[in-house]
There are 2 protein chains.
Amino acid sequence: MMAGESDRTEKMTAALRKAGIRVTRQRIALLGVLAEADDHPDAVELHDRAKRIEPTVSLATVYRTLSVLEESGVVHRHSFKGGGARFETSHEEHHDHILDVDTGEVIEFQSDKIERLQDEIARELGYEVVHHRLELYCRKKR
Amino acid sequence: MMAGESDRTEKMTAALRKAGIRVTRQRIALLGVLAEADDHPDAVELHDRAKRIEPTVSLATVYRTLSVLEESGVVHRHSFKGGGARFETSHEEHHDHILDVDTGEVIEFQSDKIERLQDEIARELGYEVVHHRLELYCRKKR
DNA sequence: ATGCTTATGAGAACCATTCACAACTGTAAA
DNA sequence: TTTACAGTTGTGAATGGTTCTCATAAGCAT
C-alpha cells in the first residue's frame, strides 16, 4: 500500500463524523485548507486553495460547508469593512482584530480587560452579551 | 406670501451650500428625515420617509446622498449583522451599540474606559486607531 | 436670463451569497 | 458487497443591497 494518509486527515475525518456530518472529498479538502491557513481568507480564496487539493469543489459547496462549520463552531466568520466575509478556524482562543487601513493586514489581539468591561456595560443596561464584534481600524505609528 | 420656511431648513440649506454641495429638493427632504430620526433606519426606510416629503426622491439618490453625507461627516453608516447598512446623524457624541438579538433593537452606549483601552492596545502593537467598530450582540437579562 | 456643472430618475449592472434541482455518494443495514 | 436512503454536490439561476450609466433636469454664479 502507499504511504498512509496524514494523521491530520484522520483526525478531521473523525471529528466530522462525530458531529454527524458526512465526510466528503470536498469537505476534507476545505478542512485541510482551513487547518493550514494562518491568515483570514475569504470564500473565493478558500475555494482556490481547495481546488488545488480537490479540483471538483464548487464555490457553492465552499459557502455551504463554511456555513455548516460555522454553525458547529469550527470556524468563525468575520465581516470586516470592504469586501466579503473572511474566515478562520476557531481552535485558538478568542481574540479581536486590528485592521491595518493602509495594508489590509489583519492582526489579532486579546484583552481580558475589554472583555470584562463589555460584560459590565451590558449588565448595567440589563443585558448579557451573546457575542460581540470589536475591530480597530488602525494605521502604523511612525 | 405664505409662512416662511422653517429655521431648520434654512440652516441645513446654508450648511450644505457652505460645504460646496448643491442644495436640491431631494437633499433637503433626506436631511429633514435624518434630523428627526432617533432610530437607526436603513436606506429603504429613509427612502420611504423622504418620499413623504418629496415624492420624487429615488432610492439611488438616497444612496448617493448618504454617501456624500458620510464623506462630509454628517452621518455615520453602520453595518450590523444581518441586513443592509443603517444610518444615523453624527451630531451627537461618539457612542457604540448594543444590538438586542431577540428584538433587533439598537441601544447606544458610551464608555471612555473602553475607548482608552483600545488606544492603549493599539499603541502597544505600534498602531494608532483611526476608527473602530464595537457592537455587543446581547439578550435581555431576566 | 444664461451657461456650465452637478444632481437626478430609471433601470441595468454588480457582487457576494444563497437557492433549486437533478445527479451523485457516504453510510449503515442487509 | 450490494442496497437503499438521506445527505451532498455542481451548475446555473436567483437574490438583495448597493452602485453605475446615461440622458434629462435643475442649482448657482454670472
Side-chain angles (χ1 to χ4, degrees), chain A residues 5 9-10 12-31 33 40-48 50-51 53-72 74-87 104, chain B residues 5 9-10 12-31 33 40-48 50-51 53-72 74-87 104:
Chain A
E5 301 221 289
T9 301
E10 280 169 36
M12 292 191 305
T13 297
L16 274 187
R17 239 188 295 269
K18 190 187 299 180
I21 294 170
R22 203 165 274 188
V23 177
T24 64
R25 265 169 291 123
Q26 294 81 343
R27 284 173 174 171
I28 291 174
L30 183 56
L31 276 180
V33 163
H40 297 73
D42 64 14
V44 172
E45 175 62 28
L46 287 169
H47 182 214
D48 287 343
K51 275 189 294 192
I53 300 175
E54 172 53 58
T56 75
V57 195
S58 73
L59 183 54
T61 288
V62 169
Y63 274 112
R64 276 187 294 238
T65 303
L66 285 170
S67 292
V68 168
L69 296 177
E70 187 190 10
E71 275 158 34
S72 53
V74 179
V75 305
H76 285 149
R77 177 194 303 257
H78 302 292
S79 298
F80 302 133
K81 287 208 176 142
R86 301 169 65 169
F87 301 84
Chain B
E5 301 221 290
T9 301
E10 282 169 34
M12 293 192 304
T13 297
L16 275 187
R17 239 188 294 269
K18 190 187 298 181
I21 295 171
R22 207 164 271 189
V23 177
T24 64
R25 262 169 295 122
Q26 293 81 344
R27 284 173 174 171
I28 291 173
L30 183 57
L31 276 179
V33 164
H40 297 71
D42 64 13
V44 172
E45 175 62 29
L46 288 169
H47 182 214
D48 287 344
K51 274 190 296 194
I53 300 175
E54 172 54 57
T56 75
V57 194
S58 72
L59 183 54
T61 288
V62 169
Y63 275 111
R64 276 186 294 236
T65 303
L66 285 170
S67 293
V68 168
L69 296 178
E70 188 191 11
E71 275 158 34
S72 52
V74 178
V75 305
H76 285 148
R77 176 194 303 257
H78 301 293
S79 298
F80 302 133
K81 287 207 177 144
R86 301 169 66 169
F87 302 83

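To find a chain, count down the sequence lines: A is the first, B the second, and so on, and within it residues start at 1.
- Of the possible polar contacts, one joining the R27(A) side chain to the R22(A) backbone as a donor-acceptor pair under 3.5 Å is found.
- With sequence neighbours left out, R25(B) forms a salt bridge (charged side-chain N to carboxylate O under 4.0 Å, His left out) with E54(B).
- Whole-Å rounding puts the H47(B) NE2 to dT8(C) C1' distance at 12 Å.
- One interatomic measurement links the two molecules: CG of D42(A) to P of dA16(C), which rounds to 8 Å at whole-angstrom precision.
- When DNA chain D is scanned 5' to 3' for any atom under 4.0 Å from a heavy atom of chain B, the first and last hits are dG17(D) to dC28(D).
- Note: CG (L66(A)) to C1' (dA16(C)) measures 13 Å, nearest angstrom.
- Atom CG in L46(A) sits roughly 14 Å away from atom P in dA16(C) (whole-Å rounding).
- H40(A) meets the ring-ring contact (aromatic ring centres under 6.0 Å, His included) test with H97(A); sequence neighbours excluded.
- If you take CZ of R27(B) and C1' of dT6(C), they are 8 Å apart, rounded to a whole angstrom.
- With contacts defined as side-chain heavy-atom distances shorter than 4.5 Å, the pair L66(B)/L30(B) qualifies.
- Legend: residues meeting salt bridge (charged side-chain N to carboxylate O under 4.0 Å, His left out) with D48(B), ordered by chain and number and at least two apart, are K51(B).
- Across all strands shown, V57(B) has heavy atoms under 4.0 Å from sugar-phosphate atoms exclusively, and none from any base.
- Residues passing the salt bridge (charged side-chain N to carboxylate O under 4.0 Å, His left out) test with R77(B), sequence neighbours excluded: E70(B).
- In this structure, NZ of K81(B) is placed 17 Å from C1' of dA16(C), rounded to the nearest angstrom.
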Next on the checklist: Generate the contact string for nucleotides 19-30 of chain C. Rules: B means base contact, S means sugar-phosphate contact only, - means no protein heavy atom under 4.0 Å.
Outcome noted: BB----BBS---

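- No option in T56(A), L31(A), I53(A), V62(A) other than T56(A) meets the side-chain contact (heavy atoms from CB on, under 4.5 Å) test with Q26(A).
- Under 3.5 Å, the side chains of T61(B) and R64(B) contain a donor-acceptor pair of N or O atoms.
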